[in-house]
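Presented below is the structure to which this report refers.
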Amino acid sequence: MPKKLLSLGTDGKLVLKLSDGRVEELPKAESTFQIALLLIDCSGSMAGNKLEQAQSGAATFAIDALDKNYFVGLVQFADNATFACKPTRDISNLRQHIENLTAGGGTNMTHALQLATEELTPINGLRAIVVVTDGMPNDPTTTLSMAQRAKKNGIEIIAIGTDDADKDFLNKLASRSDLMIKVSRELLGQSVASAAKMLSSSSR
C-alpha cells in the first residue's frame with residue numbers, strides 16, 4: 001500500500017500525497033488539521049544516551065499524538081535543519097526516520113523553527129512545535145525571534161530541555177510556562193513522550 005504524506009498542493013490546499021506519485025484530495029471532514037512537528041537537537045553534544053532518549057521519547061510521542069488524530073512530522077537540526085519526515089500518519093515510516101537520527105555539529109535552532117513555521121503557517125487547524133534540546137542554540141536572539149513569529153501565527157511551542165539547556169530561555173521559547181520542561185538527561189525520553197499530553201485537542 002502506498003504511503004500517504006500530508007502535503008500542500010499547488011492551489012495552497014492540503015492534499016494527501018502518495019509515495020507512488022499520485023495525489024488524493026482530502027475528505028471534507030479533514031479540511032482542518034492537527035499537526036505536531038518534533039524538532040530534535042542532533043548537535044554533537046546529544047551523541048550517545050541523550051539522543052537515544054530523545055528517539056525513544058519521540059517514538060512514543062508519535063504514537064500518542066496519532067491517537068489524538070495528529071499528523072506528526074520530524075525536523076532534525078545541528079549545523080543546519082532538515083525535514084527528516086514531513087507530517088504523516090504512517091507510524092512505521094516516521095519511526096524509521098526517528099531511528100535514523102545521528103548527532104554531530106552545532107545547534108541551529110533558528111533554522112529548525114523557520115522550517116517548522118513555514119510548514120505550519122498555511123495550514124488551518126491545531127499546530128504545535130515540540131523542541132527537544134540539551135543546550136543553548138547558536139543564536140538565542142534569532143531563535144526567540146523566529147519562535148515569536150510562530151506564536152503570532154497561532155502555532156504552539158512546547159520546549160523540552162536537559163543538561164545545559166537554560167530554563168529561562170526555554171520559558172521564553174515555549175508558548176506558556178506550562179509548556180516548558182527542564183529535566184535531567186535520565187528523564188529526557190519520558191519527558192518527550194509526555195509532551196503528547198500537552199497537545200491541544202480539537203473540539204470537532
Side-chain angles (χ1 to χ4, degrees), residues 36-65 70 72-85 94-117 119-120 128-151 155-199:
L37 295 182
L38 283 162
L39 276 54
I40 306 294
D41 184 348
C42 291
S43 60
S45 61
M46 284 287 290
N49 181 255
K50 282 185 285 185
L51 184 56
E52 291 171 1
Q53 287 262 344
Q55 289 169 305
S56 174
T60 303
F61 170 91
I63 293 170
D64 292 345
Y70 272 78
V72 181
L74 177 66
V75 173
Q76 59 186 26
F77 63 96
D79 289 331
N80 293 294
T82 58
F83 257 104
C85 184
L94 182 58
R95 185 182 287 116
Q96 181 179 351
H97 288 292
I98 291 171
E99 292 173 352
N100 288 339
L101 294 176
T102 58
T107 312
N108 195 341
M109 196 182 295
T110 302
H111 191 201
L113 285 167
Q114 179 184 353
L115 288 182
T117 302
E119 179 77 11
L120 295 176
I129 293 170
V130 182
V131 181
V132 182
T133 185
D134 73 334
M136 289 292 283
N138 294 347
D139 190 332
T141 300
T142 58
T143 296
L144 291 177
S145 177
M146 187 57 64
Q148 188 61 26
R149 174 181 160 190
K151 295 171 195 175
I155 301 168
E156 281 195 335
I157 298 179
I158 299 170
I160 303 171
T162 187
D163 286 10
D164 291 332
D166 182 79
K167 189 172 182 179
D168 290 337
F169 172 80
L170 293 174
N171 264 320
K172 293 176 183 177
L173 182 64
S175 296
R176 305 187 306 272
S177 60
D178 62 323
L179 297 181
M180 186 282 290
I181 305 172
K182 172 73 187 290
V183 295
S184 65
R185 63 171 64 186
E186 292 80 11
L187 296 176
L188 180 59
Q190 178 182 325
S191 297
V192 175
S194 70
K197 297 181 178 66
M198 300 180 183
L199 295 174

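What you see is a predicted model, and the numbers here were worked out from it, not measured in a lab.
Note that CG of D41 is 11.0 Å distant from CD of Q76, once rounded to the nearest 0.5 Å. Between atom CG of residue L199 and atom CZ of residue F61 there is a gap of 4.5 Å, rounded to the nearest 0.5 Å. Considering CG of L144 and CZ of F169, their distance stands at 4.5 Å, rounded to 0.5 Å. The distance from atom NZ of K182 to atom CG of D168, rounded to the nearest 0.5 Å, is 9.5 Å. Between atom CZ of residue F77 and atom CG of residue N80 there is a gap of 12.0 Å, rounded to the nearest 0.5 Å. A distance of 8.0 Å separates CG in L74 from NE2 in H97, rounded to the nearest 0.5 Å.
When all heavy atoms of M109 and V131 are compared, the pair lying nearest together is SD-CG1, 3.9 Å. Residues L101 and L51 share a closest heavy-atom pair of O-CD2, 3.7 Å. The two residues G57 and V192 come nearest to each other via the heavy atoms C-CG1, 3.6 Å. Closest non-hydrogen pair, T102 versus C42, comes out as O-CB, 3.3 Å. Residues V183 and S191 share a closest heavy-atom pair of CG1-OG, 3.2 Å. Residues A174 and K151 approach most closely at O-NZ, 3.2 Å, considering heavy atoms.
Listed for the H111 side chain is a donor-acceptor partner under 3.5 Å among the backbone atoms of A81. Remark: side-chain polar atoms of D164 are not paired, donor with acceptor, to backbone N or O of D134 under 3.5 angstrom. T133 places no side-chain N or O within donor-acceptor distance of the main-chain N or O of G161, the cut-off being under 3.5 Å. In terms of modelled atom types and a separation under 3.5 Å, the side chain of T143 and the main chain of D139 share a donor-acceptor contact. Checking side-chain atoms of N138 against main-chain N and O of T107 turns up a donor-acceptor pair under 3.5 Å. T82 places no side-chain N or O within donor-acceptor distance of the main-chain N or O of A84, the cut-off being under 3.5 Å.
A search for salt bridge (Lys or Arg N to Asp or Glu O under 4.0 Å) contacts involving D163 returns K50, R185, not counting sequence neighbours. Scored by the salt bridge (Lys or Arg N to Asp or Glu O under 4.0 Å) test, R176 finds E156, D178 as partners (sequence neighbours excluded).
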(request) Tell me, with the steps shown, if V75 and I40 meet side-chain contact (heavy atoms from CB on, under 4.5 Å). (result) CA-CA 6 Å; V75 173; I40 306 294; over 6 Å; no
(request) Begin from the C-alpha positions of N171 and K167 and carry the test side-chain contact (heavy atoms from CB on, under 4.5 Å) through to its verdict. (result) CA-CA 6 Å; N171 264 320; K167 189 172 182 179; 4.3 Å; yes
(request) Start with the C-alpha gap between T162 and L187, add the side-chain angles, then the distance that decides, and say whether side-chain contact (heavy atoms from CB on, under 4.5 Å) holds. (result) CA-CA 9 Å; T162 187; L187 296 176; over 6 Å; no
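Side-chain contact between L173 and L113 is present, with at least one heavy-atom pair separated by less than 4.5 Å. Counting heavy atoms from C-beta on, the side chains of M146 and T142 never come closer than 4.5 Å. E119 places none of its side-chain heavy atoms less than 4.5 Å from the side chain of L115. Here the side chains of Q114 and T117 are not in contact, with every heavy-atom distance at 4.5 Å or above. Here the side chains of I157 and L179 are not in contact, with every heavy-atom distance at 4.5 Å or above.
The only member of L188, I160, V132 that meets side-chain contact (heavy atoms from CB on, under 4.5 Å) when paired with I181 is I160.
With a 6.0 Å radius and a threshold of 12 heavy atoms from other residues, nucleotides or ligands, K172 has its NZ atom at or below the threshold.
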